[in-house]
Amino acid sequence: MGPHPAVAAIRLAVRRVLHDVLTDLTDLTRLPGTPADGSPRPAGGTPPLVLVACSGGADSMALASALAFEAPKLGIRAGGITVDHGLQAGSDLRAAEVVTRMTALRLDPVESVAVRVGRDGGPEAAARDARYAALDEAADRLGAAAVLLGHTRDDQAETVLLGLARGSGIRSLSGMAEVSGGPGRTHRYRRPFLQIDRQTARKACMVQSLPVWDDPHNIDPAYTRSRLRHEGLPALEKALGKGVVEALARTAQLSRDDADALDAWAADAEAGVRDEDGRLECAKLYALPPAVRRRVLRRAVVAAGSPAGSLFARHIEEVDRLITGWRGQGAINLPGRVEAQRQGGRLVIRQG
């Protein structure tokens, strides 16, 4: 008799991602000591390490259990990281409990990392930034090949709706990528559960008798995502019928494909709209399709030092008006003390 369907689903999702990790490592380099089965080995023959980011909630505990089950069969070391945001009384004790639970799953290494959450961008964004910084540091220090995140199809649907509410373009509607990262680590983060609903993950924990922790912030109406989860999405399901979450997740994938194609177009077009000194030529920018032009502008603003997470569609629209609606207006102030100004038919973007 096989495992419960929910357990089988989460294990299959993780198995596929682990195969992808091994394939990516093999494609990047075949190091000495690579075995006949093609599984890559770092120097000295040590198996690659994959970490799970685990809060102790149902989604991440299900992910941790699936990683612990699947990784040894593929010759992968499985470890875990929990981040203590310090936002609730007793959060250090909660983090210690999560470490104990991950250790019981035979994950190794297992760590708890405490962070200080700032205020930039609001409480949710600040906590997210602190969490990813801690995960990046741990992954670098431990030499992890990948970090698995427990975002589900429901999380993806919420992300799409939040992007829609902000009116921030097709990239926001594309939600979370299955594979993401930062400079030099573009494939670090993997999300195996984006095609699995939240209830399946919780059911997998229940049938495996895995204790889970329900974060009270997830039901706190002070947080936008919490209100969307408990009020907004149920209202949409009631008004439009079942299948809204699946449809939103499907929209995310379709939007991501389109956004990736437009981003590639913009990257290719950028060199052609700069003069011999590397400055952006307004006439050539004007000739580009609007979707491509705005992407070129966004790339230039970010390159000048504006934080990508603080740069919204309204900022790029203001810069775009220097190209399409030029009436002698002054400089545009952007996040990160970046300034955009039109001078002599050129668009000058620099940090002031």
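Note: hydrogens, waters and symmetry copies are ignored here, and every other heavy atom, side chains too, is used. If you read the sequence from its start, that first residue is 1, and numbering goes on from there.
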(request) Please report the closest heavy-atom contact between Ser306 and Val338, naming both atoms and the distance. (result) N-CG2, 3.5 Å
(message) Quick test of your reading of the model: are Arg171 and Asp260 salt-bridged, counting only N-O distances below 4.0 Å?
(response) yes
(request) Determine whether Leu63 and Pro192 make a side-chain contact, defined as any pair of heavy atoms from C-beta on separated by less than 4.5 Å. (result) yes
(message) Looking at Asp220 and Arg227, is there a salt bridge between them, counting it only when a charged N and a carboxylate O are closer than 4.0 Å?
(response) no
(request) Would you sort out whether Ile332 and Gln341 count as a side-chain contact (heavy atoms from CB on, under 4.5 Å), showing the intermediate values? (result) CA-CA 6 Å; Ile332 305 297; Gln341 188 172 18; over 6 Å; no
(message) Are the side chains of Leu149 and Tyr132 in contact, using a 4.5 Å heavy-atom criterion?
(response) yes
(message) Between Asp155 and Thr152, is there a side-chain donor-acceptor contact under 3.5 Å, judged purely by atom types and distance?
(response) yes
(message) Suppose clustering is done on Ile, Leu, Val, Met, Phe, Trp and Tyr with side-chain heavy atoms closer than 4.5 Å. Which residues sit in the same group as Leu194?
(response) Met176
(message) Just checking Gln195: does its CD atom have more than 12 heavy atoms from other residues, nucleotides or ligands closer to it than 6.0 angstrom?
(response) no
(request) Tell me, with the steps shown, if Asp197 and Thr200 meet side-chain hydrogen bond (donor to acceptor under 3.5 Å, both in side chains). (result) CA-CA 6 Å; Asp197 62 77; Thr200 297; 3.2 Å; yes
(request) With the side chain counted from C-beta on, respond yes when Arg295 and Leu262 share a heavy-atom pair under 4.5 Å apart, and no when they do not. (result) yes
(message) I'd like to know if the side chain of Arg342 reaches the main chain of Leu322, judged simply by a donor and an acceptor atom lying under 3.5 Å from each other, with no hydrogens or angles considered.
(response) yes
(message) Quick one: does any side-chain atom of Gln351 pair with a main-chain N or O of Gly336 as donor and acceptor, under 3.5 Å?
(response) yes
(request) Kindly give the heavy-atom pair with the smallest separation between Asp136 and Tyr189, and that separation in Å. (result) OD1-OH, 2.8 Å
(request) May I have all residue pairs that pass side-chain hydrogen bond (donor to acceptor under 3.5 Å, both in side chains) and include part of residues 99-118, sequence neighbours excluded? (result) Glu111-Arg141
(message) Any carboxylate oxygen within less than 4.0 angstrom of a Lys/Arg side-chain nitrogen, looking at Asp84 and Arg94?
(response) no
(request) Heavy atoms only: give me the nearest Cys205-Met61 pair and the separation to one decimal. (result) SG-CB, 4.0 Å
(request) Check Leu67 against Ala78 and note the closest heavy-atom contact, atom names and distance. (result) CG-CB, 3.7 Å
(request) State, yes or no, whether a side-chain contact exists between Arg294 and Val319 at a heavy-atom distance under 4.5 Å. (result) no
(request) Please confirm whether the backbone N or O of Cys54 pairs with a side-chain atom of Thr82, one donor and one acceptor, at under 3.5 Å? (result) yes
(message) Does this structure show an ion pair linking Asp154 with Arg229, if we count only N-O contacts that are shorter than 4.0 Å?
(response) no
(request) Take Arg202 and Asp59 through the test salt bridge (Lys or Arg N to Asp or Glu O under 4.0 Å) and record every step on the way to the result. (result) CA-CA 7 Å; Arg202 183 170 289 275; Asp59 302 340; over 6 Å; no
(request) Salt-bridge test for Arg346 and Asp277: reply yes if a basic N is under 4.0 Å from a carboxylate O, no otherwise. (result) no
(request) Flag the pair Gln253 / Arg250 as yes when at least one side-chain heavy-atom distance between them is below 4.5 Å, and no otherwise. (result) no
(message) Between Leu164 and Val244, is there shared hydrophobic-cluster membership here, with clusters defined by ILVMFWY side-chain heavy atoms closer than 4.5 Å?
(response) yes
(message) The test is side-chain contact (heavy atoms from CB on, under 4.5 Å); show your working for Leu311 and Arg298 and say whether it passes.
(response) CA-CA 8 Å; Leu311 196 60; Arg298 179 180 175 83; 3.7 Å; yes
(message) I'd like to know whether Leu280 forms a side-chain contact (heavy atoms from CB on, under 4.5 Å) with Leu285, so could you lay out the CA-CA distance, the side-chain angles of the two residues, the decisive distance to 0.1 Å, and finally the verdict.
(response) CA-CA 8 Å; Leu280 291 166; Leu285 283 167; 3.9 Å; yes
(message) Is any side-chain heavy atom of Leu248 closer than 4.5 Å to one of Gln156?
(response) no
(request) Evaluate whether atom NZ of Lys242 has more than 12 neighbouring non-hydrogen atoms of other residues, nucleotides or ligands under 6.0 angstrom away. (result) no
(request) Could you tell me whether Arg153 and Glu246 have a side-chain N and a carboxylate O separated by less than 4.0 Å? (result) yes
(message) With a 3.5 Å distance limit and no angle check, can you tell me whether Arg327 reaches the backbone of Gly325 through a side-chain donor-acceptor pair?
(response) yes
(message) With a 4.5 Å cut-off on side-chain heavy atoms, are His19 and Leu74 touching?
(response) yes
(message) Grouping I, L, V, M, F, W and Y whenever their side-chain heavy atoms are under 4.5 Å apart, do Leu93 and Trp213 come out in a common cluster?
(response) no
(message) Less than 4.0 angstrom from a charged side-chain N to a carboxylate O is my criterion; do Glu70 and Arg11 meet it?
(response) no
(message) So that I can tick it off, tell me whether Glu270 and Lys284 are bridged by a salt bridge, with the cut-off set at under 4.0 angstrom between side-chain N and carboxylate O.
(response) no
(request) Please name all residues satisfying side-chain hydrogen bond (donor to acceptor under 3.5 Å, both in side chains) with Arg321, sequence neighbours left out, ordered by chain then number. (result) Glu318
(message) Between Glu178 and Arg191 (salt bridge meaning N to carboxylate O under 4.0 Å), is one present in this structure?
(response) no
(request) May I ask you to decide if Ala62's main-chain N or O and Ser65's side chain share a donor-acceptor pair within less than 3.5 Å? (result) yes
(message) Is there a side-chain contact between Asn218 and Asp214 in this structure, where contact means two heavy atoms from C-beta onward sitting under 4.5 Å apart?
(response) no
(request) Using the salt bridge (Lys or Arg N to Asp or Glu O under 4.0 Å) rule, take Asp140 and Arg188 through it: C-alpha gap first, then chi angles, then the decisive distance, then the call. (result) CA-CA 10 Å; Asp140 288 338; Arg188 166 165 289 171; 2.5 Å; yes
(request) Check Ala66 against Val14 and note the closest heavy-atom contact, atom names and distance. (result) CB-CG2, 3.6 Å
(message) Looking at Leu254, I'd like to know if its CG atom is crowded, meaning that more than 12 non-hydrogen atoms belonging to other residues, nucleotides or ligands lie closer than 6.0 Å.
(response) yes
(message) Checking the side chain of Arg190 only, and the main-chain atoms of Val17 only, is there a donor and an acceptor separated by less than 3.5 Å?
(response) no
(message) Using the rule given for side-chain contact (heavy atoms from CB on, under 4.5 Å), can you reason through Asp24 versus Thr26, listing the C-alpha separation, both sets of side-chain angles and the distance that settles it, and then say yes or no?
(response) CA-CA 5 Å; Asp24 288 345; Thr26 303; over 6 Å; no
(request) List the steps, then state whether side-chain hydrogen bond (donor to acceptor under 3.5 Å, both in side chains) holds for Arg77 with Thr46. (result) CA-CA 9 Å; Arg77 291 182 297 140; Thr46 305; 5.9 Å; no
(message) Which heavy atom of Ser60 sits nearest to which heavy atom of Gly56, and what is that distance?
(response) OG-N, 3.4 Å
